[in-house]
Each structure stands twice: as structure tokens, then as C-alpha cells.
Amino acid sequence: RVALLVASDIDALCACKILQALFHCDQVQYTLVPVTGWQDLGTAFLEHKEQFQHFVLINCGANVDLLEMLQPDDDSIFFICDTHRPVDVVNVYNDTQIKLLIKQDDDLGVPSYDDIFRDEDDEEGGDSGNESDGGSEPSGKRRRFDERRIERQRAKREWEARRREILFDYEQYEYHGTSVMHCTVISSSCRWAIIGLTDQWVHDKITHMKYVTDIATMQRHVSRHNHRNEDEENSLSIDCMRISFEYDLRLTLYQHWSLYESICNSCYTSCNFKLWTLNGQKKLQEFLADMGLPLKQVRQKFNSMDMSIKENLRDVIEESSNKYGMKDIRIQTFGVHFGFKNRFLASDMVHATAALLESTEKDESNSDNFIKALDSLSRSNLDRLHSGIDLAKKKLIAIQQTVASCICTNLILSQGPFLYCYLMEGTPDVKLFSKPMALTLLSKYLLKAFVHSTRNKRCKLLPLIMAAPKDVEKGTVIVVGIPPESETSDKKNFFGRAFEKAAESTSSRTLHDNFDTSIIELKTEDRSKFLDALITLLS
């Protein structure tokens, strides 16, 4: 029997679907437990440690000393499949209870064993042995022994200082490794693997270069799988599932929306046109005119558009986009077809599942939302997926309106080493942004928009800290830190360590519960002293 502890993110949900399928095939009994943070993980382990010996942790557990945190029995074994980096060094070098499931070509950059661990027993044994004889030895010998001991202590201090330096360099930045889906991909699960990878791209966790490399690997898997199916020429039923490699538009949910609304609410086009300005709105109208598409067609649902327009729509949009400086309006991705009627791009499914996972429509528990999001990934549950797409549209509209309002009312302040934005209580849709994924997506969109709109060259290179009310009754805010927005950004985030240090130095009441260390909860009244400490720390 296996306890499956799964974090609340899309990549983890997809890996969970694959493992469920594998367990089902091999008739392995398992218990699925959703976990939203470290406290949840600790509670889940305590509740299940008596019944289970094997624990599989998906997208959680790699970046802390797990044995220190959970204090398990010696016979408990943990299989960790997690994209969070850096991996804690104790987890890397413990091969009895901790089994890391990581792609072989993932460079972890782990310091060598001898640089961070040394055997204390030998030294202490050597010292104490000599000391006990010391009383009967002549004073010259004792002096030589004291010199040796001083030398050893100095060497130890130097080694410890070097160890601190090595560990600081290793643990300084938080980033994400290869999607956990890539570690577990099997032919029948290509769809989930693709969604897991696309989640990393949509939520800006990996570089564009890494996305393109990983998508090429996925393409080989899919081609091989599709080719095998082509041999069984007439065996495909009318409602079969088909996955195809696409070079499609970076317009969010455009096939389930109107083209106009998709352009207005997609980060890429919205930022390039600066749609929060009158000039940007005018530019958009010129862009639509340049494409020669009637407004009536552009404003109605994509499914209802004339076939003659839809046939070469991508080429028409690409041609006009090039004139308006949007050279990379198309992106390598995958589409999935369920029969003839339902077609979804991988990004559609990421947005829909994320909206279900963090839904604030009804006061449902995190576990309820988790199960709904997991259901939406099953092809037998398309209604759930469609409801997720409707929620995702509302979320994207809320994000764009909030971005426009923040920029137009100058809510983004330069605090010296970083930009800062605080969403006040009473801001429209503020409840939606009390969730980590939604607030992170808003922060990424807002920083991109700010970089496009500001003339201050220095501000373009700064990271952003964003805060929003989390729980009004408890008086807490959720704080997210994201790295600077640039084409060459390596997506490494230093805010996790900075938040810890700032909270420590000011005794701010913080909760570092999220698996992403750059997302914390903070008492509202401690906000100003916490920010002051961050400014001092990062200046």
C-alpha cells in the first residue's frame, strides 16, 4: 500500500493521473491525499504513518530536509518526484529512506559530499584520547599537542566557513526543474505529460529555451505513439482521442471565446498593444482592420465564425502581428481532439484546471477543488473541463482589469531594489487573488505590462513584490516575489531566502507554508517593517 501525497498544482495533478493509471494496471492499493503546504504535509504524514510504509510525494518535499521535518520511523521510505529546486543536500545524499525521482540529465549542481559533511567522531575521539594522557606527559609534549589541537580547530572553523559559503551559493535561488511529468512519461499518458509541461510555461516557471527543448522531446513521444495507432487503420472509433503537434497562436482560450475577447485578455497581446491606454485600444482596432476581419465575426464565438475565415486565420493573424512587432505570436504546443467536436489546446486545459483548483465561486474546501480539478483531466468528464474554461475566462478578465487599474492609478511603486504593489481590501476580485497561483499569474502579467509601459530604464530591470489580503478576519496578507522580467531571465528567484531573513531580523509574524518559498503569509500590521527590512537587505 502506498500513500500518495500530491501538491496543489497542475503539474502535480497530471503526475497523479499517470500514477493512478499505473497503480490501477499493477493493482497497487493507494490512498490519495492532497496537500497545500508544509503544515498539510506534516499532518497528512502523522495521520498515515501507522498504516503506510511507502510515501510518494509529488511536487513537494525535495527542498527541505524531509527526515528532520517529519521525524519518520526507520522503515518509512519516501519517493520524491518534485520540480522545486534546489534539492536539499540531505535528501540528495540519503539513499536509504529518500528516493529522488529526477531525470538523469537534470543538472542539480549539488555540492560534493566532502564539502558539506565530515565525520565528527574521529576528531573528537582523537582529541579526548590525547587529553586523558596529558596529565602524565612532559610539558613539551603537551605544548605540541595543544598546537595540534589549535591547528585542528582552525582547520575546522575554515571548513565550516567554506561549507556555509558553498551552501549559501547552492540554496540562494529557488527555481524549477523538468516537469515531473517528464520523469514519468509513458505512451498512453502523453496528454497529461504535455499539460504538465505547458503548466510550467503558462505559469512562467521555466525559460522559453527549456520549454522549446522539452516540447521537442514530447513531440518525439507523440509522433511515435500516433504512428503506432496509424497501423491499426480502421480500428479508431468516431469519438477517439487524438493528440497533434501544433504551431498555434498565443491567444488564451481563443477557440472557446471570441477572438476579440481573447486578444484583449491574453497577456502577450494586451501588453504589446498596451490595451489599458486609449492609444492601445486604437492600435487594436487598426490591427483588426489590417487583418481584414469584419468586427461582427471577430466579436462572436470562435465556433460560430465563418469557415472561410477560420481556415487561414492563424496565417492572417501572424502576418499582421509581424507588422505590429509581435514576431512570436505563434508557439509550439499540442492540441487534443476528442472525436470531431471537442478540441483543446494544452494551455486551455492548464487555465481551466487552475481555475477549478483555486475556485472561489462557492465556499468549498481545498480538497473538493482538488478533486474537481483532477476530474477535469479525465476525457470522460468534459462538462467539468468546460466549467473550468468558463471560470478561467472570468479569472483572465479579472487579471486584465486589475493590471489596467494598477497601472492607470500608479499602484506600482519603486522601493529601491524592487517594485512593490499592494491590492487594497475592497479591490474588485480581490478574493480571487488570495490564492497563490492566481496572485502569481497576476504578478507576472502586471510586471510584463509595467515593463511595456514605463520609460524608466532602471525600473524595467527590477523584480516585483505583490501583496493581497489573504484572510481579513485573521488580519493576514499573501505576499509573492517574482524575478525581473527579461528575455534572458533564468527564472531563478531569490525572494525565498530574502523573505526568511527579513522576517527573522524584524520578528515579523510570517507563515512560510507554501512549497514555493517565494510565497508567504504575513500579518497586515507587520507589512511596513517587513518591507523596510527587505529594502535594507537587498540594497
Side-chain angles (χ1 to χ4, degrees), residues 5 7 38 41-42 45 49 53-130 148-180 182-184 205-206 210 490-494 496-498 500-501 504 512 515-518:
L5 309 180
W38 296 114
L41 181 62
F45 175 70
K49 67 175 184 176
Q53 189 183 343
H54 296 100
F55 294 84
V56 178
L57 278 62
I58 301 183
N59 262 358
C60 56
N63 53 349
V64 294
D65 181 350
L66 201 63
L67 300 185
E68 176 68 31
M69 181 189 144
L70 298 178
Q71 301 288 321
D73 296 334
D74 290 344
D75 60 350
S76 295
I77 295 174
F78 298 90
F79 297 88
I80 303 176
C81 196
D82 189 1
T83 63
H84 292 100
R85 303 286 182 269
V87 178
D88 189 274
V89 287
V90 178
N91 293 341
V92 174
Y93 289 113
N94 180 317
D95 54 0
T96 48
Q97 285 185 270
I98 304 280
K99 313 289 181 188
L100 293 172
L101 309 178
I102 289 172
K103 270 191 88 182
Q104 278 185 325
D105 56 357
D106 250 18
D107 179 22
L108 297 180
V110 183
S112 75
Y113 184 88
D114 292 332
D115 284 341
I116 45 177
F117 298 107
R118 67 190 277 175
D119 198 349
E120 297 288 331
D121 298 343
D122 295 347
E123 286 186 16
E124 285 169 16
D127 283 0
S128 58
N130 286 347
R148 273 206 311 275
R149 189 171 60 177
I150 289 165
E151 185 63 37
R152 262 201 300 270
Q153 284 173 342
R154 196 179 80 231
K156 186 181 174 186
R157 278 198 302 275
E158 282 173 5
W159 179 85
E160 282 171 351
R162 197 169 67 250
R163 177 182 188 271
R164 279 195 297 273
E165 208 174 291
I166 289 167
L167 284 179
F168 178 79
D169 288 343
Y170 174 64
E171 293 169 350
Q172 188 178 6
Y173 293 103
E174 177 190 38
Y175 62 104
H176 286 265
T178 304
S179 154
V180 291
H182 252 62
C183 307
T184 50
K205 292 177 180 177
I206 54 172
K210 179 154 181 58
D490 57 7
K491 309 296 177 196
K492 290 190 174 182
N493 193 331
F494 58 81
R497 293 300 295 268
E500 279 174 31
K501 289 250 170 48
E504 213 174 283
H512 302 258
F515 297 128
D516 285 317
T517 57
S518 54

Measure the spacing between [atom1] of [X] and [atom2] of [Y] and express it to the nearest 0.5 Å.
| X | Y | atom1 | atom2 | value |
| --- | --- | --- | --- | --- |
| Ile80 | Leu57 | CD1 | CG | 5.5 Å |
| Thr83 | Ile102 | OG1 | CD1 | 10.0 Å |
| Lys491 | Lys210 | NZ | NZ | 14.0 Å |
| Glu174 | Asn493 | CD | CG | 5.5 Å |
| Lys156 | Arg163 | NZ | CZ | 11.5 Å |
| Ile98 | Ile77 | CD1 | CD1 | 10.0 Å |

Quick one: are [X] and [Y] in side-chain contact, heavy atoms under 4.5 Å?
| X | Y | value |
| --- | --- | --- |
| Ile58 | Phe79 | no |
| Phe515 | Trp38 | yes |
| Glu500 | His512 | yes |
| Pro72 | Phe78 | yes |
| Val89 | Leu167 | yes |

Step-by-step side-chain contact (heavy atoms from CB on, under 4.5 Å) determination, Gln97 to Leu67
CA-CA 8 Å; Gln97 285 185 270; Leu67 300 185; 3.9 Å; yes
Please walk me through it: do Glu151 and Arg148 pass salt bridge (Lys or Arg N to Asp or Glu O under 4.0 Å)?
CA-CA 5 Å; Glu151 185 63 37; Arg148 273 206 311 275; over 6 Å; no
Taking NZ, NE, NH1 and NH2 as the nitrogens, is one of them in Arg162 or Glu165 under 4.0 Å from a carboxylate oxygen of the other?
no
According to side chain to side chain contact (heavy atoms under 4.5 Å, CB included), who are the partners of Asp169, at least two apart in sequence or on a separate chain?
Gln172
Looking only at atom types and distance, does a side-chain atom of Tyr173 sit under 3.5 Å from a main-chain N or O of Gly496, one as donor and one as acceptor?
no
Can you give me the closest heavy-atom contact between Leu41 and Met69, atom names plus distance?
CD2-CE, 4.2 Å
Give me the atom names and distance for the closest heavy-atom approach of Phe55 to Leu5.
CD2-CD1, 4.3 Å
For Glu504, does the CD atom have more than 12 heavy-atom neighbours from other residues, nucleotides or ligands under 6.0 Å away?
no
Tyr175, OH: over 12 other non-hydrogen atoms inside 6.0 angstrom
yes
Salt bridge (charged side-chain N to carboxylate O under 4.0 Å, His left out) partners for Glu171, two or more places apart
Arg497
Qualifying residue for side-chain contact (heavy atoms from CB on, under 4.5 Å) with Glu68, from Asp65, Leu70, Leu66:
Asp65
Which pairs with one or both residues in residues 84-93 pass side-chain hydrogen bond (donor to acceptor under 3.5 Å, both in side chains), sequence neighbours excluded?
Asp82-His84, His84-Asp516, Arg85-Asp106
